[in-house]
Number of protein chains: 2
Amino acid sequence: MSDTTLPRSTSRVIAAKATEPGEPRSTSRRTFDDARKPISLRDVAAEAKVSVATVSMVLNDNPRISRATHLRISRIIERMGYQPNRLAQSLSSRYTRVLGVMLPALRHAFADAYFGELISGICDRAGKMGFKIMLEQAKPEFVKERKHIHIFERRYVDGLLVLGMNDRHHFLEDFADGRYPLCVVDNKFNQWKLDHAVCDYAGGAEQVMNYLLQLGHRHIGCIYAAPEIQTAADVLHVYRKRLGDSGHEVDDSWAQDGRFTDEGGAAAAAALLKRHPEITALFCGNDKMAIGAQHYLANAGIRVPEEVSVVGFDNMQNAAFVTPSLTTVHLPLYQVGALACERLIDRVRGRAERVAEVLPTHLVVRNSTAMARQS
Amino acid sequence: MSDTTLPRSTSRVIAAKATEPGEPRSTSRRTFDDARKPISLRDVAAEAKVSVATVSMVLNDNPRISRATHLRISRIIERMGYQPNRLAQSLSSRYTRVLGVMLPALRHAFADAYFGELISGICDRAGKMGFKIMLEQAKPEFVKERKHIHIFERRYVDGLLVLGMNDRHHFLEDFADGRYPLCVVDNKFNQWKLDHAVCDYAGGAEQVMNYLLQLGHRHIGCIYAAPEIQTAADVLHVYRKRLGDSGHEVDDSWAQDGRFTDEGGAAAAAALLKRHPEITALFCGNDKMAIGAQHYLANAGIRVPEEVSVVGFDNMQNAAFVTPSLTTVHLPLYQVGALACERLIDRVRGRAERVAEVLPTHLVVRNSTAMARQS
DNA sequence: GCACGTTGTTAAACTGTTTAACTAGATCGA
DNA sequence: TCGATCTAGTTAAACAGTTTAACAACGTGC
């Protein structure tokens with residue numbers, strides 16, 4: 001056309017070429033040979049001979065569009081196999097429909113059945129609600145560079161789920177103002193106002209202590225770990241309280257740190273039994289430590305459960321398969337992950353009130369526990 | 001300059017108002033009270049009194065910008081705490097800098113140490129190379145609705161890593177044309193041309209068979225699983241071949257499916273020993289099945305390794321901690337994950353050649369193996 | 001016959017960045 | 001001194017959608 005002769009000026013005219021019937025942008029872009037690049041809204045609009053706004057409104061079920069048009073355009077969208085570009089969608093709308101999942105910076109954090117269960121629940125629920133999951137690890141430099149804020153500012157995520165965090169993860173404080181949606185998964189923090197969904201660790205510990213006391217145990221050792229984690233502290237607290245209530249002298253020498261590992265559990269069991277040979281039951285803060293304790297007892301020739309009962313906490317897959325199979329507390333980790341995810345999405349969508357969900361736990365009695373020995 | 005006299009057809013002029021010194025868009029947006037919304041490139045440009053293009057070029061280290069300007073603008077960016085919006089970046093550029101990780105649709109797939117190790121390697125390497133990880137599960141409906149293509153078309157990801165896939169995952173065929181970058185992690189497919197990074201399963205199996213034959217074992221049972229997975233088939237094939245080479249009659253009754261589980265391993269061990277009481281060694285396709293077999297043997301009163309040697313495959317964390325500790329093949333899963341990730345990123349960045357990486361494995365000798373008994 | 005409301009659609013502005021094309025000014029060789 | 005080449009920027013057009021003010025067409029009510 002005649003624009004070679006234009007004396008264009010131009011500071012005022014930014015002027016995209018208008019979409020004219022003769023050579024609309026879309027057709028000029030979409031020639032026979034470039035079947036490669038994906039179809040855009042414009043292509044659909046051109047095909048349907050309506051404006052892009054109309055197609056957009058059809059996609060978003062805007063009531064301003066008549067049923068007839070909606071149906072007609074929907075069919076064209078279907079036929080052309082159009083998929084909206086979510087970068088463009090997210091750029092102009094307020095949502096990315098992506099949630100971050102932050103794990104602690106432990107080497108091989110993913111190779112852990114505990115986190116695995118939580119993530120399973122999160123992923124399934126997120127998928128059902130139309131959200132994607134992006135993984136993050138809370139490495140020291142990540143937090144130091146304030147990347148936990150950047151993932152929001154840079155529009156990577158709409159919300160964040162944090163797993164396996166403890167009181168020393170001070171970056172959580174940055175979320176206390178509620179500016180960026182966050183939900184703590186299977187833990188809680190009293191010092192910061194944060195949403196959380198958590199298993200009822202204290203309730204589980206109550207059940208364990210009830211059960212052991214009913215079986216006649218009075219000399220109960222505790223293998224705990226990580227008391228800086230609120231839920232772990234809850235378990236230890238219930239152990240101490242119930243033991244005190246039953247008339248037993250509460251004394252720190254009956255509890256030993258097992259660092260949440262097999263080896264730590266074995267070492268802690270060894271230390272406790274050396275200190276207090278009269279122990280008839282060991283209450284362990286997780287199944288790994290319980291299995292470690294069982295190994296130590298087996299090696300030391302102490303029979304489980306005849307001489308010493310062992311109770312775990314977690315109900316991990318292999319808890320049922322060790323010998324003797326482990327009495328433990330079942331934690332609904334999958335459900336907690338799913339619920340936390342759902343509550344976070346509510347928050348992203350605008351819920352203002354803080355939530356604190358607690359899911360019930362229950363004791364699973366297997367073969368590692370019996371009546372207290374009479375000696 | 002003299003543009004009022006333009007003879008231009010008006011239908012061509014859509015004309016946004018140009019950014020004039022008097023009322024630039026940016027200042028009109030950024031008033032005193034809305035300190036809330038994040039700073040944009042425009043705000044930085046306005047502050048520095050340059051065009052947005054200049055700021056963009058500074059961010060991308062474009063050599064067209066002088067050192068002086070680069071420094072000056074960098075400082076302003078720093079001071080204002082500007083973070084580029086990556087939705088806009090990705091929309092405009094060709095990359096999202098996000099990789100998808102696809103897991104099989106097993107319930108609780110994440111709660112598996114095998115996938116965990118791979119994902120650890122992937123995440124660490126991706127993070128170092130400036131990529132984020134998005135999780136996907138290969139559910140039947142996901143594949144049926146062609147979502148594996150949609151995540152590319154909708155610009156969720158630049159590339160895809162697939163874990164734990166087998167020959168029945170036909171959607172992989174859609175990636176054989178190389179249109180969308182994909183890398184198979186710790187597996188390989190002969191029927192489709194796909195990049196992969198894999199542990200040397202056959203090499204590991206060779207080492208196991210060498211070792212067992214050297215110890216004098218001739219009656220070796222095999223607990224395998226999932227022969228539809230190429231790597232698992234490789235192990236079984238090496239077992240058969242080496243046994244045949246050693247003069248032993250190769251016969252399917254010496255191999256039994258253990259479904260990759262504890263229980264399956266125990267059941268398979270029981271079946272094999274019932275069928276062939278002369279067995280002196282069991283070669284298991286993974287550690288879980290090996291540990292299951294050990295449990296069966298312990299319960300049946302058969303001593304390990306004095307009467308029967310047991311070999312695993314995987315070197316999972318607890319392999320060292322069971323009693324007796326398990327002789328197994330170490331798989332560099334973390335490294336395979338990391339390498340696959342790196343090769344995928346190469347591909348995203350334009351590498352055209354197909355790659356097939358194989359990482360060496362090695363035998364870890366522990367206490368579950370000994371000389372063949374003489375009976 | 002005209003103001004008014006409803007309905008359906010469109011044009012234009014907007015999201016925040018990258019990049020190709022352009023330009024003013026300095027340098028330089030012929 | 002002129003034109004070519006460099007340098008260091010600017011401009012405007014993408015990228016692919018959403019949102020909203022405006023508007024046309026149509027049916028009512030008075």
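First the proteins, then the strands, lettered A, B, ... as listed; each starts at 1.
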Original post:
Does any non-hydrogen side-chain atom of A:V185 lie less than 4.5 Å from one of A:M165?
Top reply: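 The answer is no; the side chains never approach within 4.5 Å.
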
**OP:** Indicate, with a heavy-atom threshold strictly under 4.0 Å, whether B:S56 touches base, sugar-phosphate, or nothing.
**Re:** base

Subject >> Minimum side-chain heavy-atom gap A:K132-B:E136 below 4.5 Å >> reply: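 Side chain of A:K132 against side chain of B:E136, heavy atoms only: contact under 4.5 Å found.
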
**OP:** Map A:L41 and A:M57 onto DNA chain D by nearest heavy atom, then report which one ends up closer to the 5' terminus.
**Re:**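 The residue mapped nearer the 5' terminus is A:L41.
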
Original post:
C:dT17 C1' sits how many Å from B:N85 CG, rounded?
Top reply: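 Whole-Å distance recorded here is 8 Å.
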
Subject >> Quiz item: cation-pi between B:R97 and B:Y95, 6.0 Å / 45° >> reply: yes

Original post:
Any side-chain N or O of A:N60 under 4.0 Å from OP1/OP2 of D:dT18?
Top reply: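 Answer yes for this pair, as a side-chain N or O of A:N60 is under 4.0 Å from OP1 or OP2.
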
Subject >> A:K139/A:E141 salt bridge by N-O under 4.0 Å criterion >> reply: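 Salt bridge absent between A:E141 and A:K139.
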
**OP:** Choose from C:dT10, D:dA16, D:dA22 the nucleotide whose nearest atom is closest to any side-chain atom of A:R64.
**Re:**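 Of all the options, the side chain of A:R64 is nearest to D:dA22.
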
**OP:** Report, as yes or no, whether the 6.0 Å neighbourhood of atom CZ on B:R79 holds more than 12 heavy atoms from other residues, nucleotides or ligands.
**Re:**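 More than 12 within 6.0 Å, yes.
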
Original post:
Under 3.5 Å, side chain of A:R351 to main-chain N/O of A:R343, donor-acceptor pair present?
Top reply: yes

Original post:
Is the backbone of A:I65 close enough, under 3.5 Å, to the side chain of A:T69 for a donor and an acceptor to pair up by distance?
Top reply: no

Original post:
Considering only side-chain heavy atoms of B:S40, which listed nucleotide, C:dT17, D:dA16, D:dT10, is closest?
Top reply: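 Of the options given, the side chain of B:S40 lies nearest C:dT17.
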
Subject >> Whole-Å distance separating the OH atom of B:Y156 from the C1' atom of D:dG17 >> reply: 13 Å

Original post:
Which whole-number value in Å describes the distance from A:R155 CZ to D:dT18 P?
Top reply: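 Those two atoms, CZ and P, are 13 Å apart.
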
**OP:** Would you kindly give the CG-to-P distance between B:N62 and D:dT10, to the nearest whole Å?
**Re:**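 From B:N62 CG to D:dT10 P: 13 Å.
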
Original post:
With a non-hydrogen cut-off below 4.0 angstrom, is B:T54 in contact with a base, only sugar-phosphate, or nothing?
Top reply: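 Base, at least one base heavy atom under 4.0 Å.
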
Subject >> Electrostatic pair A:D158-A:R349, nearest N-O below 4.0 angstrom >> reply: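 Looking at A:D158 and A:R349, the cut-off is not met.
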
Subject >> Pair B:D174 + B:R146, salt bridge at N-O below 4.0 Å >> reply: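 Yes, B:D174 and B:R146 are salt-bridged.
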
**OP:** Please report, rounded to the nearest Å, how far the C1' atom of C:dT6 is from the CD1 atom of A:I65.
**Re:** 15 Å

Original post:
Quantified as the angle between the terminal helix axes (five pairs each), what is the overall bend of the helix from C:dG1-D:dC30 to C:dA30-D:dT1 to 10 degrees?
Top reply: 60°

**OP:** Write down the distance between CD1 (A:I39) and C1' (D:dA16), rounded to a whole number of angstrom.
**Re:** 14 Å

**OP:** Would you kindly give the CZ-to-P distance between A:R154 and C:dT15, to the nearest whole Å?
**Re:**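 Result: 19 Å.
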
Original post:
Going by heavy atoms closer than 4.0 Å, what residues in residues 86-97 of chain B are next to DNA chain D?
Top reply: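 Residues of residues 86-97 of chain B under 4.0 Å from DNA chain D: B:L91, B:S92.
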
